[in-house]
Number of protein chains: 2
Amino acid sequence: MTERKDIHNSDVPIVCRACEARHKGICGALSGDELLRLSKHTVKRTAARKQELIHEEDEVHTYSNILSGAVKLTKLMPDGRQQIVGLQFAPDFLGRPFVSESSFGAEVAADVKLCSFPKDVLETMLVENPELENRLLRQVLKELDEARQWMLVLGRMTAKEKVASFLSLIANHIDPEHDDGSVTFELPLSRAEIADYLGLTIETVSRQFTALRKDGIIEIEGNRHIVVPDREALKDATGST
Amino acid sequence: MTERKDIHNSDVPIVCRACEARHKGICGALSGDELLRLSKHTVKRTAARKQELIHEEDEVHTYSNILSGAVKLTKLMPDGRQQIVGLQFAPDFLGRPFVSESSFGAEVAADVKLCSFPKDVLETMLVENPELENRLLRQVLKELDEARQWMLVLGRMTAKEKVASFLSLIANHIDPEHDDGSVTFELPLSRAEIADYLGLTIETVSRQFTALRKDGIIEIEGNRHIVVPDREALKDATGST
DNA sequence: CGGATGGTTGAGTAGCCTCAAAGTATGTGG
DNA sequence: CCACATACTTTGAGGCTACTCAACCATCCG
């Protein structure tokens, strides 16, 4: 077995060099040879905001690594009600192993770069390379933790706490290091999307944004640009730990 | 590598014979030798309703297989608000690999039999046996699907649809084969627990039970005993697909 | 028989939703 | 580069769903 830590750049396919998925994503489990094998079937592409990547209940035959941007996972009810059930960023893995029919839709939230490859190629490598499977398991466990945390948000929080939780989530993603002090970021979602993520309406989300602004917990510049002067204060506003 | 399908009962430790986890649970990935090794560290035990198995944020050093009964996974807010974030039955695996501090509590919902073993023993076997890791991955993916489905329930459904979804969930668990016709079952949760699962109050849950009864969608006998004459009608009441 | 536990029902209220309108970015073609 | 159309956001008024508080009922158990 190849020592993954000792891969020289010369062993790594050109397309894979400087790819975040090789460091923090699932490709970190692959040797130079394996990367080369996978890269032969790989397609890099970009997709713009609002583009649909996966239609709910459709058959999917490719997986992707997200190289940049953000993707939202959605569920739709017959009458049009929608719920966002996940938000993914680089270097997350996009796809549902072992099942071809997707149980959710996927839509670009903030312009993405994707690295896509056929389902069967990855699944073959999954059998051959246990460390790849381990990486995948860890990512899925992380997603499960996040999903459960969000169940608490959806089930038990007030509108204001929900919005604060969402802002806290984004702040954590932008700067996972410190959880106090100030942060500034651009929201990757529109008000309508935030509403679908939080199980609220657009109007309620908007009202809670203004409420948090009036409380001095956030500053808003031009809809999408948010300043959080004190992350502790924001965290307090979530009511959670 | 041992052919798992060809294990004779004589190779299987006595404690593992007739264990559901060996067929549908993660132990199905283990050879006779591996089962023997694991069973040396194994403790079987029972736990009664309301007993706390894991306290949120405590360190956990064991995993368990659920052999019978039901366990609820809970999250608590500082002010006492509670959300059930998962419901597990035999032969599910209980525990969060790779992390020792639990991000949720676990409490017995319906009297359980558990087969517990130390975290490190299983994690060693996980490295040695890729098929074990694969089983675990599949279970975690299943839980993730369920969690996301529940996010739709929590975020976008009315109280009545939520209760119908819960009853549908239990009906599916009792009889996964047919999804039409009639089913009868005992509820594994009290009204208070159902409320915590659905993000509602006890009173609202109770009212929706009576509403569904008056609609002829369910019959209720003595609080916990439920008859569903037509599962299609129940499914319709969930508003979902 | 009295208390404890769990469930139902009722009355009133609060929080979020609906509907409506006006305000503000964003983008396009002339 | 401006004028205009479009998409997105905010704000307001009123209504409905689910919550709160309270009383009552059923069952179980010492």
Side-chain angles (χ1 to χ4, degrees), chain A residues 48-51 77 79-83 107 109-111 153-167 186-215 218-226 237 239, chain B residues 48-51 72 77 79-83 107 109-110 153-167 186-215 218-226 237 239:
Chain A
R49 179 168 172 64
K50 295 182 88 173
Q51 189 174 328
M77 290 177 70
D79 64 0
R81 280 176 283 177
Q82 195 174 44
Q83 177 67 45
E107 193 186 303
D111 299 0
V153 172
L154 291 172
R156 287 306 186 196
M157 287 191 184
T158 64
K160 197 173 190 175
E161 289 168 339
K162 283 180 174 182
V163 171
S165 293
F166 171 74
L167 292 170
E186 298 294 315
L187 291 175
L189 301 185
S190 69
R191 297 290 186 275
E193 290 170 322
I194 297 171
D196 281 342
Y197 199 13
L198 295 172
L200 298 171
T201 59
I202 303 182
E203 296 93 327
T204 301
V205 170
S206 179
R207 280 185 244 274
Q208 300 309 326
F209 266 97
T210 26
L212 288 171
R213 181 170 52 72
K214 284 180 181 161
D215 290 351
I218 57 170
E219 293 155 29
I220 309 173
E221 291 160 21
N223 288 344
R224 294 247 181 170
H225 191 84
I226 304 285
Chain B
R49 178 168 172 62
K50 295 181 88 173
Q51 189 176 327
K72 56 178 183 168
M77 290 177 69
D79 64 1
R81 280 176 283 177
Q82 194 174 46
Q83 177 67 44
E107 193 185 303
V153 173
L154 291 172
R156 288 305 187 197
M157 286 191 183
T158 65
K160 197 172 190 176
E161 290 168 339
K162 283 179 173 182
V163 172
S165 293
F166 171 73
L167 292 170
E186 298 294 315
L187 290 175
L189 301 184
S190 69
R191 297 290 186 274
E193 290 170 321
I194 296 171
D196 282 342
Y197 200 13
L198 295 172
L200 298 170
T201 58
I202 302 182
E203 296 93 328
T204 301
V205 170
S206 179
R207 280 185 243 274
Q208 300 309 326
F209 266 98
T210 32
L212 288 171
R213 181 171 51 71
K214 284 179 180 164
D215 290 352
I218 57 169
E219 292 155 29
I220 310 173
E221 290 159 23
N223 288 344
R224 294 254 184 161
H225 191 84
I226 303 287

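What you see is a predicted model; the values in this text were computed from it and never measured.
Taking atom CZ of R156(B) as the reference point, atom P of dA18(D) lies 14 Å away to the nearest angstrom. Spacing between atom CD1 of I194(B) and atom C1' of dT8(C) amounts to 14 Å, rounded to whole angstrom units. At whole-Å resolution of the value, NZ in K160(B) and P in dT17(D) are 11 Å apart. Separating the CD atom of E203(B) from the C1' atom of dA23(D) is a distance of 12 Å, rounded to the nearest angstrom. Rounded to whole angstrom, the span from the NZ atom of K162(B) across to the P atom of dT17(D) amounts to 14 Å. In this structure, L198(B) places its CG atom 12 Å from P of dA18(D), rounding to the nearest Å. Rounded to an integer number of Å, the gap from CD of E221(A) to P of dA25(C) is 12 Å. A straight line from CZ of R81(B) to P of dG15(C) spans 12 Å, rounded to a whole angstrom.
No side-chain heavy atom of F166(A) sits less than 4.5 Å from a side-chain heavy atom of V153(A). Contact check for L154(A) versus Q83(A): side-chain heavy atoms found under the 4.5 Å cut-off.
For T201(A), counting side-chain heavy atoms from C-beta on, the closest listed nucleotide (dA18(D), dC17(C), dC21(D)) is dC17(C). Ranking dC19(D), dT9(C), dA18(D) by closeness to the R213(B) side chain, first place goes to dT9(C).
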With 3.5 Å as the limit, what N/O pairs link the protein to nucleotides 4-7 of chain C?
| unit_1 | atom_1 | unit_2 | atom_2 | d |
| --- | --- | --- | --- | --- |
| dG7(C) | OP2 | R191(B) | N | 3.2 |
| dG7(C) | O3' | N223(B) | OD1 | 3.2 |

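Distance check: I218(B) CD1 to L167(B) CG gives 5.5 Å after rounding to the nearest 0.5 Å.
Using a distance-only test at 3.5 Å, with no hydrogens or angles considered, no donor-acceptor pair links the side chain of R81(B) to the main chain of G155(A). A donor-acceptor contact shorter than 3.5 Å links the side chain of E193(B) to the backbone of S190(B).
Evaluation of the salt bridge (Lys or Arg N to Asp or Glu O under 4.0 Å) rule for R156(A) yields D196(B) as partners, not counting sequence neighbours.
Contact of R207(A) with dG12(D) (side chain to base): a donor-acceptor pair of N or O atoms is detected under 3.5 Å.
Nearer to the 5' terminus of DNA chain C, by closest-nucleotide assignment, is the contact made by M157(A) (compared with the other of M157(A) and G222(A)).
Applying the 4.0 Å criterion to OP1 and OP2 of dT8(C), one finds that T210(B) has every side-chain N and O outside that range.
Using a cutoff of 4.0 Å between basic side-chain nitrogens and carboxylate oxygens, E186(B) and R224(B) are not scored as salt-bridged.
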